[in-house]
Protein chains: 2
Amino acid sequence: MAFPPFAVTVDLVVLTVRGDDLCALLVRRGEEPFLGRDALPGGFVRPDEDLAAAATRELAEETGLDVGHLEQLASYGAPDRDPRQRVVTVAHLALVPDQPAPTAGTDAADARWVPVAQARELAFDHDRVLADGVERARAKLEYTALATAFCGPEFTVAQLRRVYEVVWGRALDPRNFHRKVTGTPGLLDPTGETTTRDGGRPAQLYRRGPAEQLHPPLLRADT
Amino acid sequence: MAFPPFAVTVDLVVLTVRGDDLCALLVRRGEEPFLGRDALPGGFVRPDEDLAAAATRELAEETGLDVGHLEQLASYGAPDRDPRQRVVTVAHLALVPDQPAPTAGTDAADARWVPVAQARELAFDHDRVLADGVERARAKLEYTALATAFCGPEFTVAQLRRVYEVVWGRALDPRNFHRKVTGTPGLLDPTGETTTRDGGRPAQLYRRGPAEQLHPPLLRADT
DNA sequence: CCAAAAGTGTTGATGATACACCCATGT
DNA sequence: ACATGGGTGTATCATCAACACTTTTGG
């Protein structure tokens, strides 16, 4: 059977919360096309490899990161998106805890975190892919327990709230947020430990619980 | 540059509401592999064609249907999903109004509607793809105006409610549903016309309005 | 008149927001 | 003592489920 040959790649929108910014992992391209421009990390899918496996492998290669969460985002296959040949890319979204710096991996020694608000003029159609990934992350925080993927294995309610505030760019009431998340059964698993902090009352430490969905959802509407 | 060659296809989960069932469009395979089994309609992406364009073209070829809504669903690319060669398929979800029957198209003269509850043992990994499409449709009815895509250009509130009841498999209160949808600004656009009906008070006819999102959402939870 | 389906009003429960207030720690 | 941030109580407001009720047609 004759069929048109395509190259298939995976690209990764890797997001984290650093300080006051939602950041994406970008690599500087070392070859044409788009030489010198920033791009999302990614690479070819191997002949015997599933799409999810390819995404996991690329993420491990580009960064030594703990992966909080990895899911398929969408596929992009405009005929002219790569000037060399016909390429369809299956983009994936990864949410990871804040790491000191992405450890230099094999593919991309110069991978670095860039606030998504400043990530512009990326190679290929990666502006669009990044925007879709950010929008997906914002939407999913509303009704899933995904925000915990941005935190380390143990975290306080205030750290979790910080994630929501940074991703949504909106202040939340600490009191109501606390009641909401501690009142959702299965969301948070108290460790019994507390943190020593710089100048306030110590906070309870939690691990993420078994709940995946948030019911009822947290809303980001202005109202 | 060397890269592993892949075939890329689009597959379509085409859903409609017929009577008391949510139905999917299936075609009987006329060749190996999976000869004689049911499958989702689909085909190869052409060399100069976008993914969305390929989905639109296939949908037009397989059916002469009015397309209420078409969106990308997900991609599937397990190495062994097609025994002949490495194929990655980009599945799309289409919601269409109830049509008397899919008109025999070029590719699939025997395309037909099958209730999703009875669609089993499909070719390739299409059981999984269909299940993902149905779940996506169910979820999106909650917070978008997508249900109108299942209706014709003009419809009554009761017809729209019927869509929700069939897709969710759950009875809704007619009074509360009516208030909810007519009270959401931009969702429904009254035509001023009414229907003549079999034995009750005539209903107002509506067209779908400009609103895409439902705020607040309609919930399908049991509570 | 009666049946059937459209559409309205009202009520009690539930959840969200806003904010006053108390608790535990470092300096 | 007091600043800082963690955590609780409570009033007000919006929304929802439930259901009695009225309206408009066909037989």
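Note on naming: letters A, B, ... go to the chains in the order of the sequence lines (proteins, then strands), and numbering restarts at 1 for each one. In this text, all values refer to a predicted model and were calculated from it rather than measured experimentally.
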Between the protein and nucleotides 10-13 of chain D, which nitrogen or oxygen pairs come in under 3.5 angstrom?
{"residue": "D:dT10", "atom": "O4", "partner": "A:R179", "partner atom": "NH2", "Å": "3.4"}

Separation of D:dG5 C1' from A:Q204 CD (nearest whole Å): 14 Å
Looking only at side chains, do B:D11 and B:Y76 share a donor and an acceptor under 3.5 Å apart? no
Looking only at heavy atoms, which two atoms of B:R161 and B:L172 are closest? And how far apart? CD-O, 4.2 Å
Hey, could you give me the CG/CZ distance between B:L15 and B:R136, rounded to the nearest 0.5 Å? 12.0 Å
Could you pull out all donor-acceptor pairs under 3.5 Å where a side-chain atom in residues 183-191 of chain B meets a protein atom, sequence neighbours excluded?
{"residue": "B:T184", "atom": "OG1", "partner": "B:K180", "partner atom": "O", "Å": "2.9"}
{"residue": "B:T191", "atom": "OG1", "partner": "B:E193", "partner atom": "N", "Å": "3.1"}
{"residue": "B:T191", "atom": "OG1", "partner": "B:L205", "partner atom": "O", "Å": "3.1"}

To the nearest angstrom, how far is A:R201 atom CZ from D:dG7 atom P? 6 Å
Please compare B:L218 and B:D173 by the position of their nearest nucleotide in DNA chain D and report the one closer to 5'. B:L218
Nearest heavy-atom contact between A:T156 and A:A203 is CG2-CB, 3.8 Å
Please state how far atom CZ in A:F177 lies from atom P in C:dA18, giving the value in whole angstrom units. 16 Å
Using a 6.0 Å cut-off, check whether atom CZ of A:R81 has over 12 heavy atoms from anything other than its own residue. yes
Just the rounded figure in Å: distance from P of C:dG7 to CG of B:L172. 16 Å
Rounded to the nearest Å, what distance is computed from the CD atom of residue B:E142 to the P atom of nucleotide D:dC16? 13 Å
Nearest-angstrom distance from the residue atom NE2 of A:H178 to C1' of C:dA18: 18 Å
Given DNA chain D, 5'-ward residue of the pair B:R175 and B:K180, judged by closest heavy atom: B:K180
Separation of atom CD in B:E193 from atom P in D:dT25, rounded to whole Å: 14 Å
B:R170 CZ to D:dC16 P, in whole Å, measures 13 Å
